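Have a look at the structure below before the remarks.
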Amino acid sequence: MIEEKSLNFLEEIVENDLSSGKHKSIVTRFPPEPNGYLHMGHAKSICLNFGLALKYGGYTNLRFDDTNPITEDTEYVESIKNDVKWLGFQWKNELYASDYFNQLYEFAVKLIKKDLAYVDDSTSEEIAEQKGTPTQPGKNSPFRSRTVDENVKLFEEMKAGKYKDGEKVLRAKIDMGHQNMHMRDPILYRIKHAHHHRTGDKWCIYPMYDFAHGQSDAIEKITHSICTLEFIPHRELYEWFIEKLEIYPSRQYEFARLNMTYTVMSKRKLLQLVNENHVSGWDDPRMPTISAVRRRGYTPESIREFCDKIGVAKRENLIDVGLLEFCVREHLNKIALRRMAVFDPLKIVITNYPEGKTEILSGENNPEDENSGSREIPFSRELYIEQEDFMEVAPKKFFRLAPGQMVRLKYAYIIRCDSFVKDANGGITELHCTYIPESRSGSDTSGISVKGTLHWVSAQHAVTIETRLYDRLFKAEDLSQAEGDFKEHINPDSLLVVPKVYAEPELLKAKGEERYQFLRKGYFCLDPDSKDGKLVFNRTVTLKDMWAKEVKKG
RNA sequence: UGUCCGAUGGUGUAACUGGCAACACGCCUGAUUUUGAUUCAGGAAAGUCCAGGUUCGAGCCCUGGUCGGACAACCA
């Protein structure tokens, strides 16, 4: 009997609506504006909206909120669809707010005829002036008292293209003294002689968010319209339109957006990073966009798991990026193929191993997965190990190589370090070791047990690859609290390219969809920049490293 | 000076709707280990923003504060 997982507040609402009979099934929607790439915050929203419908047997529409032709583009539409699919969700209908432009126009006319909307000739400055402030009431526009007929005619003319951008707007007639700023005669339509990615040049007036979103929800009979906290003040207006237009009463619910440590999660800021070349693009693996984490090697499973773990509530939060890393390690540990690669080579010569001899050893692809099989690894007299795996004078708890010390070479033999060679600067250039022939992996009769196991690569057989190691994009943990402009906190060392890493030859067969664990180094995946003869790997995340922590402690 | 949201270990989310605060990440110990990974066992860590009140009993209810956030784009 598994204890039932407690519900988040949205699931509670849905369950109540279902059990009370308010709804027989639910309909949600994911409503991105196609003006940027999706990020992890959107992933949270996607998992929520699609997850709810999946759990309670409803469906989810993908609806592009494309009411501002100036900033929107089909490039973004395509990336968004791609990202949602990649995350593993399937929408019922692909819809666009622009599909409803005719209907929205009729809604506007209806409001005008009910004397609940009017055409205003005020400039945007004047309208801002009329709005007042959160603590001071606004004042009526001088155009507020136009007759219904006049408004109908003017609005038609706006639609017909008689006026220039900004010359007129359509506003709701509510209450300029309202406590809620959004109820102070909000703008419904504005004039933009702009080409729309879907409707082309058909329209020169476009509805504002508030006059498009809720109505689109109603048209689609969305039962639960879920958005982020900053839309709370819009809810009153959302419901005002439902009442006055007498349309399907979708209900809006708000949850706290995702914030993560060491990064920013706003499209505006991410766009800035892209435009100002602080990153190579929207899918630069250091970005928190979905396309970037995908390129970096994160799996959809791990992101869904992450979204599940962070929960949903109404209080502001700052999630430790370490939790995301935990989720991806957890998944990658189960599926990644193990490979060996040496980043900072130190040559070792096995002095008692025959020159010219090559042995083919076998290494399991994944100890976590019995069905993953094994691959062949060449072993020979000259090998590379990591520089950091040798110390001339080793502390007692150093289980790696040092003069006289023994280690196991993974999948191979136990070796002992006999001597080392130094260059003029005192740097270690070469180790001379002897191997224990009867310690061969899988048939070890030596009876020797060692504390350390090293990864290695045969010098003669190694292939070289490029690797890109990523660190956090920002140095500040909480960018919302950090002083000054967010870009002042960019981490200059967030990308480290290692142009030449020595890898076991099996890696030549690497495939883009595959995930790899470079033993003791982390999880990696092939980057699309790879070409024949030059493979590039991204480090998704490091392995947990207790030893590094130990060393730090001193 | 207004209105609206919110407040539980370091972080995030719970608490059967009033019954002596749980789970996850992180942290610390130890065991296992041919990855100092994984796995396993254990531990530290909040008395629930504050002050009153109701109650046999309050993180949950009431009152008043405090703190944090949102709201004044022809953006969404």
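Because only heavy atoms are used, hydrogens play no part in the values below, and waters and symmetry mates are left out as well, while side chains stay in. Chain letters run A, B, ... following the sequence lines, proteins first, then strands; residues in each count from 1. Values in this document were obtained by computation on a predicted structure and should not be read as measured data.
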| nucleotides 31-40 of chain B: protein proximity per nucleotide (B base, S sugar-phosphate only, - neither; heavy atom, under 4.0 Å) | ---BBBBS--
| note | Once base and sugar-phosphate atoms are separated, protein heavy atoms under 4.0 Å mark nucleotides 41-47 of chain B, 5' to 3', with B, S and - as -------
| Thinking salt bridges, do A:Arg400 and A:Glu386 make one under a 4.0 Å N-O criterion? | no
Anything under 3.5 Å between a protein N or O and an N or O of nucleotides 9-11 of chain B, put it in a table, one pair a line.
| residue | atom | partner | partner atom | Å |
| --- | --- | --- | --- | --- |
| B:U11 | O3' | A:Leu318 | O | 3.3 |
| B:U11 | O2' | A:Leu318 | O | 3.1 |

| task | Sticking with atom P, work out how far B:U1 lies from B:G68, rounded to a whole angstrom. | result | 13 Å
| Strand RNA chain B as a dot-bracket string - pairs counted if Watson-Crick or G-U with both distances under 3.5 Å, | where the partner lies in another strand | .((((((..((((.....[..)))).(((((.......))))).....(((((..]....))))))))))).....
| request: Using the C1' atom as the reference point in each nucleotide, state the distance between B:G59 and B:C20 in Å, no decimals. | output: 12 Å
| task | For A:Glu129, report the nucleic acid contact type (base, sugar-phosphate, nothing); a contact means any heavy atom under 4.0 Å. | result | nothing
| Reading nucleotides 69-76 of chain B from the 5' end, what letters show protein touch, with B for base, S for backbone sugar-phosphate only, - for no heavy atom under 4.0 Å? | SSSB-BSB
| query | Listed by chain and number, what are the ring pair (Phe, Tyr, Trp, His ring centres under 6.0 Å) partners of A:Tyr384, not counting sequence neighbours? | reply | A:Tyr502
| field | For A:Ile436, the option from A:Ile448, A:Ile415, A:Thr445 that meets side chain to side chain contact (heavy atoms under 4.5 Å, CB included) | value | A:Ile448
| request: Only counting residues at least two apart or in another chain, list the ones meeting ring pair (Phe, Tyr, Trp, His ring centres under 6.0 Å) with A:Tyr523. | output: none
| ring pair (Phe, Tyr, Trp, His ring centres under 6.0 Å) with A:His234: which residues, sequence neighbours excluded? | A:His182, A:Tyr209, A:Phe231
| said: Whether the A:Glu75 and A:Tyr37 side chains hold a donor-acceptor pair (N or O, under 3.5 Å, no angle test) is what I'd like checked. | reply: yes
| Would A:Asp65 and A:Arg29 pass as an ion pair if we require N to O under 4.0 Å? | no
| task | Taking only the side-chain nitrogens and oxygens of A:Arg315, find out if one of them lies under 4.0 Å from OP1 or OP2 of B:U8. | result | yes
| said: A:Pro134: which residues meet the side chain to side chain contact (heavy atoms under 4.5 Å, CB included) condition with it, sequence neighbours left out? | reply: A:Met181
| Would one find a side-chain N or O of A:Lys309 under 4.0 angstrom from OP1 or OP2 of B:C23? | no
| Test side-chain hydrogen bond (donor to acceptor under 3.5 Å, both in side chains) applied to A:Ser302 - qualifying residues, sequence neighbours left out | A:Thr299
| Within 6.0 angstrom of A:Glu359 CD, more than 12 heavy atoms from elsewhere | yes
| said: If I pick the P atom on B:G47 and the same atom on B:U8, what distance separates them, to the nearest angstrom? | reply: 12 Å
| All ring pair (Phe, Tyr, Trp, His ring centres under 6.0 Å) counterparts of A:Phe155, not counting sequence neighbours | A:Tyr105, A:Tyr189
| field | Contacts of type side chain to side chain contact (heavy atoms under 4.5 Å, CB included), residue A:Arg235, not counting sequence neighbours | value | A:Glu239, A:Gln252, A:Glu254
